[in-house]
Undergrad: 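Have a look at this one.
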Amino acid sequence: VKLTVNGKTFSATPDPGQCLRTFVRDLGWYGTKKGCDGGDCGACTVWVDGKPVHSCLYPAFRTEGKTVTTIEGLAQPDGTLHPMQQAFLDAQSFQCGYCAAGMIMTGASLTDEQKCDLPQSMKGNLCRCTGYESIRDAFAGKVNVSSDSAGTSTGHSVPNPFARDIVTGHARYTTDVPPLEGMLHLKVLRSPHAHARIAAIDRSKALATPGVVDVFTWEDVPRKRYTTAIHEDNRVDPDDMYLLDNVARFVGQRIAAVVAETEAAAEEGCRALDVTYEILQAVFDPEEAMLPGAPRLHDKGEFSRAMHPEQNIFVEMHGETGDLVAGFAQADAIYEDTYYASRQQHVHLETMESISWRGEDGRYHVRTSSQGPFIVKSKLCFLFGLNLSDVHVFCERVGGGFGGKQDMMSEDLPLLATLKTGRPVQWEFTREEQFTGATTKHPMNVHLKIGATKDGVLTAMQWRVVSNTGAYGNHGGETLANAMSGPWGLYKCPNKKGDGYAVYTNLQCGGGFRGYGTSQTTFAIESAIDELARILDIDPIAIRRTNMVGPYDEIAAASPEISDLTIGSYGLDQCLDAVERAMRERKGRAKPEGDDWLEGSGVAISMLDCVPPTEQRSGSEVTLLEDGRYRFTVGSTEIGNGLITAQQQVVAQVLGCSTDRVDFINADTDRTPYDSGTFASVGMMVPTKAVENAAVALRERMVSFAARSTGERPERFSLDGDGISNGDASMSLQELHALGAGSNVEFSSFRKAYGSPRTVAFFAYGVRLAVHRITGEIVILYNIEAVDAGVVMNPHQLRGQVVGGAVLGIGYALQEKMVYNDAGAVVNPTLRNYRIPAMADAPDVDVFYADTHDRIGPMGAKSVAENTNNPVAPAIGNALRDATGVRFTSLPFTEDRIFDRLSDAG
Amino acid sequence: LTHLGRSSVLLIGTRSTDEILLTITAATLRPVQLRLEPALSAHDVRRRIDAAIPDELYLADVHGSPPHRKHLAHHFGAQIVAELSA
């Protein structure tokens, strides 16, 4: 076909059946993203003759004679941005930025009339990070950024340094690079059976498929046990997996990898593999899996670190403090019930993807989309017996994570194929594979019993948590430990007992997910506290005030152990006050008209451990460059969390300049210091602390050098954006650098940070909603999230984390549901059928920040991101209870799951 | 089940002088049309819908359970007939 793309004429032949998305990318326009390849997410939106289309559904051959515009072609040739790009830039309407190109392409095509109904007009574009508020801001012409000035950088809404690249389509995510010479594509055959032994794999037809280069099965890989879970210390997770196994333990487990000259040939090769399975009995329910006689999943011996594989128990934990029997005896009211916290998929819009190759340096390079490139590197070295010095893992931009990329999922097979074939290899997960072969939030059953005196003072709390970790242990132990601690430690109670089990079943694995186990038990405990308040006829906010930890209390769940977890700052009281005030003022919309609409409100609180109990360390080097600019290196990844911006602000603040003078390199095992990984909300607490430490050390170095050179006291010197001065005279930073170079002094400082002691952050969420008692429809009328984040580094970015987290929680509470059939296969592995919130589902969220200053976190700041979704589902459940009198204990609260209990409501 | 999402049920009522044509789709495996006399009671509308749509004709998927779709067909069917009879 002959077509025009972004003003240039191309003549190219699309492959049979090729869609426009891959066609324009083959022509070098990488701004067009893959989110779903199903016409659901809109990340691939381009214009054909000025009309927006989902290019993943648009046949490439139909562009004959047409004009295609991608995000790269939207600005004028002189670089002047299209007004919609400028609006997205001003409003910073993105976090990871992966959806922005599609959002802008759709937004830029809308008529004024269409802009009046954005939920309808933008329904074809999904965003998982922002909660849509900042996107609506762009259409409203709002400016959310503010520039900083030298030395006063923190506290300003400094823009994301990638912002311009994001709105112009030039930000490079993992696969947004020209294909390497001779690059192969990898595809995986996944198990159709929940539990089966592989009797034989006949690869002859696959190898005979045109374009197929090689096939790898369990017979071709090192028989080494490992885990995909990423932690500093690999011993906290079980070694119960093989790279490729001869036993399939869930539908979707990878069976074989095929590498071929094209993706299509690799797919064809997978279809041509002839696998003979010996079907084994499967078990899907964790309670059933623990019963005698249940099919057993694992027999990897004691070295797997699974505790009771003969009962399918990967790990169990028990804790008791005080006297439970006496505690319940003192209670005037006791509430007991079982809650089910459901599965949720991360749906980071950039799927998992990696490219590996052998460089001219003879070393192996892996470009990837990960939350922990350093641990990925060590796992790869372990699996393939490589030296650490021979492997390089790095990220450029990462299109969202939410915990999903805290597993090594897409790096190992490409490197295996590169090792075997000597050629570069690329592997991209499809959206369907994200649902079938990646991880999810762990579903948990939480049985609890709590008692209180008539004044609402808790006397006893007992719980039993059964977590479905799926076919492999991976994050099952750490998420269970987390589920068993924070949400219970938030309440003072002398008598507590908790039992927890993470159980193997023949379903896909649970993994790291924003909240990391605490969302699930927060749902149960915050619902139960509400219920207990109702039994006792006490205000649900008052009962929380009576029992929640205070600023000087010890945080204790069921195990009375000394820990490094401490309350470095306390803003829970302010958060709860703010929510109470807002709920009392009845802010927000009125309920829809009609007697069938019932109205209710609910609140919930939660607490976040700002660093995990597993170790966490990081390092940073800050350097004064010859041209007077600064550069810092740090190993943490920027996954849409705003971390790089915050780190720039910290460097600028310490060194007295503005952020536009600060360059950086991040997430690269060759070019940055070691970092344990960007997960568990550590970004602010550990890597950013390392950046601060290094910047402070550099400042001291610069000042003492200047003092020594001039013979004056160091206290007299200060830094500003341009130079160093002693009040009388000043020297530019370039001059200082030159002076140092002359005496062999390099202005560079390297410092580390370690995640201990650990502080906590607090959250309160309130919601007022209307529910239709016949249809079951739920409308959120008002909601507020109050956050105790310590000192706020970047108000706009923090707001994005809070609103985005709240909307993720709304999705969890009201709509997201993974459905399995009787054979253990996911029946809705697409975004069309697994509904994450679209703009129409995302209400405005009111945000309140407590005024606190943390004594542990850098510059008084502390973590936020992870916990913003936790209190949402229970608060919505409490509001439903308030409106209808019915307690719903099983997530999600979709209309078809609640309507039949509403008939008597009201 | 989501705002502006997939339809769980779609009912269309049209009125001629002596009858109401009620079309039920999205909820069912195929569209179903009922010719109803005006001023039918809610109870009778439900009965007529049930006579025309056996339980297994309701669609079971992630966008709505058959009992919910049936419940909504009853609710909106009766509402439409009442409004068109007014």
Side-chain angles (χ1 to χ4, degrees), chain A residues 40 117-126 132 342-343 435 592 594 596 769 772-780 807 810-811 813-821 826-843 892-903, chain B residues 1-13 22-30 32 34 36 40-50 53-86:
Chain A
D40 298 319
D117 187 4
L118 289 177
Q120 178 67 37
S121 309
M122 297 300 290
K123 68 186 266 190
N125 289 81
L126 299 177
Y132 300 94
S342 51
R343 207 181 269 276
F435 282 105
D596 289 328
L769 54 75
H772 193 280
R773 73 168 140 198
I774 294 169
T775 65
E777 185 182 353
I778 293 170
V779 180
I780 291 179
V807 170
I810 289 168
L814 295 181
Q815 59 190 80
E816 295 179 37
K817 187 167 195 283
M818 292 182 71
V819 182
Y820 293 84
N821 65 17
V826 187
V827 305
N828 55 337
T830 59
L831 293 177
R832 185 153 306 183
N833 295 324
Y834 177 88
R835 306 291 297 209
I836 67 167
M839 195 184 279
D841 304 304
F893 309 134
T894 58
E895 284 110 300
D896 59 342
R897 287 163 48 82
I898 66 168
F899 80 96
D900 57 351
R901 294 183 60 204
L902 298 178
S903 47
Chain B
L1 305 184
T2 53
H3 302 288
L4 306 181
R6 308 279 282 189
S7 302
S8 287
V9 294
L10 178 60
L11 282 85
I12 304 158
L22 186 67
T23 305
I24 301 169
T25 187
T28 48
L29 299 179
R30 56 176 171 75
V32 174
L34 280 79
L36 305 171
L40 217 52
S41 73
H43 176 78
D44 286 338
V45 173
R46 273 205 294 278
R47 209 168 42 77
R48 297 283 285 276
I49 289 174
D50 288 349
I53 309 176
D55 283 354
E56 55 276 14
L57 196 60
Y58 284 102
L59 178 63
D61 75 359
V62 296
H63 305 291
S65 67
H68 187 235
R69 294 184 200 263
K70 181 177 174 176
H71 172 77
L72 293 181
H74 288 163
H75 171 62
F76 291 125
Q79 210 173 49
I80 287 171
V81 169
E83 282 176 24
L84 290 180
S85 305

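Keep in mind the model is a prediction, meaning the values are calculated, not measured. FYI, side chains are in, hydrogens and waters are out, and symmetry mates aren't considered; it's all heavy atoms of this structure. Chain letters run A, B, ... following the sequence lines, proteins first, then strands; residues in each count from 1.
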Undergrad: Locate the shortest heavy-atom distance separating B:L4 from A:A840; write the atom from each residue and the value.
TA: CD1-CB, 3.5 Å
Undergrad: Holding to side chain to side chain donor-acceptor pair (under 3.5 Å), I want the full list of residues that pass it with B:S85, two or more places apart in sequence or in another chain.
TA: none
Undergrad: So which residue, A:I774, A:V779, A:V819, A:V827, ends up with the most heavy-atom pairs under 4.5 Å with chain B?
TA: A:I774
Undergrad: Which donor-acceptor pairs lie under 3.5 Å between chain B and chain A?
TA:
unit_1 : atom_1 : unit_2 : atom_2 : d
B:H3   : N      : A:D841 : OD1    : 2.8
B:L4   : O      : A:K123 : NZ     : 3.3
B:H63  : NE2    : A:N833 : OD1    : 2.6
B:S65  : N      : A:D896 : OD2    : 3.1
B:H68  : NE2    : A:T775 : O      : 2.9
B:H71  : NE2    : A:I774 : O      : 2.6

Undergrad: With a 4.5 angstrom heavy-atom cut-off, which part of B:L72 approaches chain A: side chain, backbone, both or neither?
TA: side chain
Undergrad: Examine whether an atom of B:P67 lies under 4.5 Å from a heavy atom of chain A, and if so say whether it belongs to the side chain, the backbone or both; otherwise answer neither.
TA: both
